[in-house]
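So the structure is just underneath, and the comments pick up after that.
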Protein chains: 2
Amino acid sequence: MKISDLAERTGLTAHTIRYYERIGLMPAAQRDRSGHRAYDERTLVWVEFLGHLKTTGMPIRDMLDYARLRAAGAGTEGQRKAMLARHRDAVALRVVALTECLDVLDAKIAGYGD
Amino acid sequence: MKISDLAERTGLTAHTIRYYERIGLMPAAQRDRSGHRAYDERTLVWVEFLGHLKTTGMPIRDMLDYARLRAAGAGTEGQRKAMLARHRDAVALRVVALTECLDVLDAKIAGYGD
DNA sequence: CTACAACTTCGAGCGCACTCTAAGTCAAGC
DNA sequence: GCTTGACTTAGAGTGCGCTCGAAGTTGTAG
């Protein structure tokens, strides 16, 4: 898979994918004989997971912490699990806050009449 | 109410409140005899409402559109209601997306075992 | 009278997450 | 053989939403 294919399948741009590699969010890509990046399905899964973290508002610096633990391999599972659990709880709180805001918005909208 | 009081009651800083006024998110404040900004309860309500829009991810440029309609007064209620309704729907979609991501996170966390 | 905190304006600076440009390389199709 | 287009690098630029600093004024407490 070339960078343009990965871009299409993830919704990122090739620019953004190179940026992610540069800052360490993605491991250095394999290269084909002409020096172009060549990706496999495992990379796709990783980028999609990063997408979930991004959707839920995790800052890149935290994704980097997670990526570094992942790169460190065995022995870091506990820390990774704890990180994700903390993040999960924060997201759940945000869902509650958003739901409350929806009520406020609905009330305001209703207040405008027809 | 002085700017420091409004700051304390809204959780914003005085710097941010002046910034909001500068860009047009808040109407030019009344001044006391020494030139200091003096706020009433209505301003507090407005800032709290801006807080709801911010919490739900509305960009400042959209808040500005809303603020301008509000400043224009009567006759813009329909547009304001439509804006809020569109925003409400977008927020509802985000809540759904976040909830789906929570499931993904839970699955991932469970995958790490104990 | 003096010290001090809180206010004022203007404008620069910052952190985040991209986003784009320039200049160059390479493989495939006509 | 030449054009086309996707790739490569390094580094600069962008938009958002603050955030801070400098320099000056004002009201209150001791």
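Values in this document were obtained by computation on a predicted structure and should not be read as measured data. So you know, we letter chains A, B, ... as the sequences are listed, proteins then strands, and number each from 1.
- For B/Y19, taking side-chain heavy atoms from C-beta onward, the closest of the listed nucleotides D/dT8, D/dT19, C/dT8 is D/dT19.
- Each of A/H15 and A/S34 has a nearest nucleotide on DNA chain C; the 5'-most of these lies closest to A/H15.
- In the set C/dT8, C/dA28, C/dA17, C/dT8 carries the atom at the smallest distance from any side-chain atom of B/I3.
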Original post:
Going through the checks in order, is the side-chain contact (heavy atoms from CB on, under 4.5 Å) test met by A/E41 and A/R9?
Top reply: CA-CA 11 Å; A/E41 296 295 320; A/R9 292 177 69 178; 3.3 Å; yes
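- Across C/dT8, C/dA17, D/dC7, the shortest atom-to-atom separation from the side chain of A/K2 is found for D/dC7.
- Relative to the six-membered ring of B/Y39, B/K2 misses at least one condition, a distance below 6.0 Å or an angle of at most 45° to the axis.
- Of the candidates D/dT9, C/dC16, C/dC7, D/dT9 carries the atom nearest the A/R18 side chain, counting heavy atoms from C-beta on.
- Across all strands, A/R31 comes closer than 4.0 Å only to sugar-phosphate atoms, never to a base (heavy-atom distances).
- A close approach under 4.0 Å does occur between a side-chain nitrogen or oxygen of A/K54 and OP1 or OP2 of C/dC18.
- Of the candidates C/dA6, C/dA17, D/dT9, C/dA6 carries the atom nearest the B/S4 side chain, counting heavy atoms from C-beta on.
- In summary, B/D65 and B/R68 engage in a salt bridge, as defined by a charged side-chain N under 4.0 Å from a carboxylate O.
- Applying the 4.0 Å criterion to OP1 and OP2 of C/dC16, one finds that A/R61 has a side-chain N or O inside that range.
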